[in-house]
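The next block holds one structure in the form of structure tokens; read it before the comments.
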Amino acid sequence: MDHAADAHRTDLMTITRYVLNEQSKYPESRGDFSILLNHIVLGCKFVCSVVNKGEEQKKLDVLSNEVFVKALVSSGRTCILVSEEDEEATFVEPSRRGRYCVVFDPLDGSSNIDCGVSIGTIFGIYMVKDDHEPTLDDVLQPGKNMLAAGYCMYGSSCTFVLSTGTGVNGFTLDPSLGEFILTHPDIKIPKKGKIYSVNEGNAKNWDGPTAKYVEKCKYPQDGSSAKSLRYIGSMVADVHRTLLYGGIFLYPADKKSPNGKLRVLYEVFPMSFLMEQAGGQAFTGKQRALDLVPTKIHERSPVFLGSYDEVEEIKALYAAEEKKA
Ligand code: AFP
């Protein structure tokens with residue numbers, strides 16, 4: 001190996017070092033965010049280790065949730081937690097309270113566990129609005145108010161993708177070091193893509209714009225090549241591929257599920273935040289996904305996210321439909 005490559009290999013940018021570097025740009029910062037993130041990373045390392053041991057699904061869901069809730073509360077930096085696993089939000093007791101609200105899905109795609117498909121943890125972070133007694137309104141904020149969002153994918157390797165609002169970076173767990181190392185700096189999604197990702201089993205119930213878009217992917221009329229279909233059915237894995245290779249991931253509304261399937265706070269928002277930070281877009285069929293103001297913590301929304309040009313096409317199809325109405 002030449003000297004330059006060696007120097008790179010030996011200068012390890014761990015996720016902690018990365019966040020501390022970011023934090024040093026804000027002299028007023030007290031390090032609370034780094035502490036919070038360290039606790040999220042610890043939860044992910046734990047889940048990664050149990051997923052690799054092949055524990056059964058039910059246990060893993062519950063276990064992962066418990067680990068994240070305990071890690072977040074013990075960080076002393078959180079005040080409200082919203083988890084996919086818990087019907088109600090958790091309000092942290094005053095003596096252990098901090099200023100961050102964390103919304104998360106501890107183990108998304110868990111129905112795939114038993115067949116070894118990649119699954120993941122998704123999270124978003126808000127700050128309480130003011131110095132006041134925290135209320136649900138502090139988490140019922142539009143996604144554009146998130147300070148940070150990310151996911152950790154448990155697959156052939158364990159990958160942590162993070163945005164603190166200044167681009168997107170990917171870190172891979174080095175099991176021998178027990179550390180996430182920066183392996184995918186400044187991820188940018190290709191402007192156009194050759195892949196679409198959707199559950200086509202729902203096609204008979206789709207609305208006009210979704211059906212037209214997918215038809216165009218398969219039978220393009222402009223001389224371009226047809227797109228490839230890739231669908232894992234595990235959001236973290238489908239979004240991760242979309243982020244790296246470009247294309248579009250869609251979970252649209254349909255006649256049976258007028259609000260789609262995916263949850264606004266801990267699926268749609270974090271992934272939309274990452275897409276925008278990587279140069280892509282996210283749309284609900286009506287508006288920019290990050291502008292949505294949720295009214296319930298487990299609310300659902302349709303979502304179209306991915307390469308900038310692909311989402312532009314979807315937006316144009318919905319605009320044309322609206323004009324007709
Ligand atoms: P589970 O957590 O119930 O496995 O749901 C996974 C998921 O929420 C998300 O990860 C996938 O993108 C989506 O569901 C797949 O849904 P379909 O099976 O309806 O395509």
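Note that ligands are numbered from 1 as they come in the structure, with each ligand's atoms numbered from 1 the same way. Sequence positions, counted from 1, serve as the residue numbers for this chain.
- A donor-acceptor pair shorter than 3.5 Å can be found between the side chains of Thr16 and Asn38.
- Judged purely by distance below 3.5 Å, without hydrogens or angles, the side chains of Asp108 and Tyr266 never pair a donor atom with an acceptor atom.
- Within the set Glu267, Glu84, Glu200, Met235, the minimum heavy-atom distance to atom 8 (O) of ligand 1 is found for Glu267.
- Interface atoms of ligand 1 facing Tyr231, defined by a heavy-atom separation under 4.0 Å, are 15 (C), 16 (O), 17 (P), 20 (O).
- Backbone and side-chain nitrogen or oxygen atoms of Ser234 are examined, and none is located within less than 3.5 angstrom of a nitrogen or oxygen of ligand 1.
- Residues Glu299 and Thr295 bring a donor and an acceptor atom of their side chains to less than 3.5 Å of each other.
- When the shell of 6.0 Å around NZ of Lys286 is examined, it contains 12 or fewer heavy atoms from other residues, nucleotides or ligands.
- Listed by number with element, the atoms of ligand 1 under 4.0 angstrom from any heavy atom of Lys261 are 5 (O), 7 (C), 13 (C), 14 (O), 15 (C), 16 (O), 17 (P), 18 (O), 19 (O).
- Near Gly233, meaning under 4.0 Å from any of its heavy atoms, are these atoms of ligand 1: 11 (C), 15 (C).
- Heavy atoms from both the backbone and the side chain of Ser111 come within less than 4.0 Å of ligand 1.
- Every N/O-N/O distance between Val236 and ligand 1 stays at or above 3.5 Å.
- A heavy-atom separation below 4.0 Å is not found between Asp238 and ligand 1.
- Against a heavy-atom cut-off of under 4.0 Å, Asp108 is close to the following atoms of ligand 1: 8 (O), 9 (C), 10 (O).
- Tyr18 and Phe171 have their aromatic ring centers within a separation under 6.0 angstrom.
- Residues Phe304 and Tyr251 place their aromatic rings such that the two centres sit no closer than 6.0 Å.
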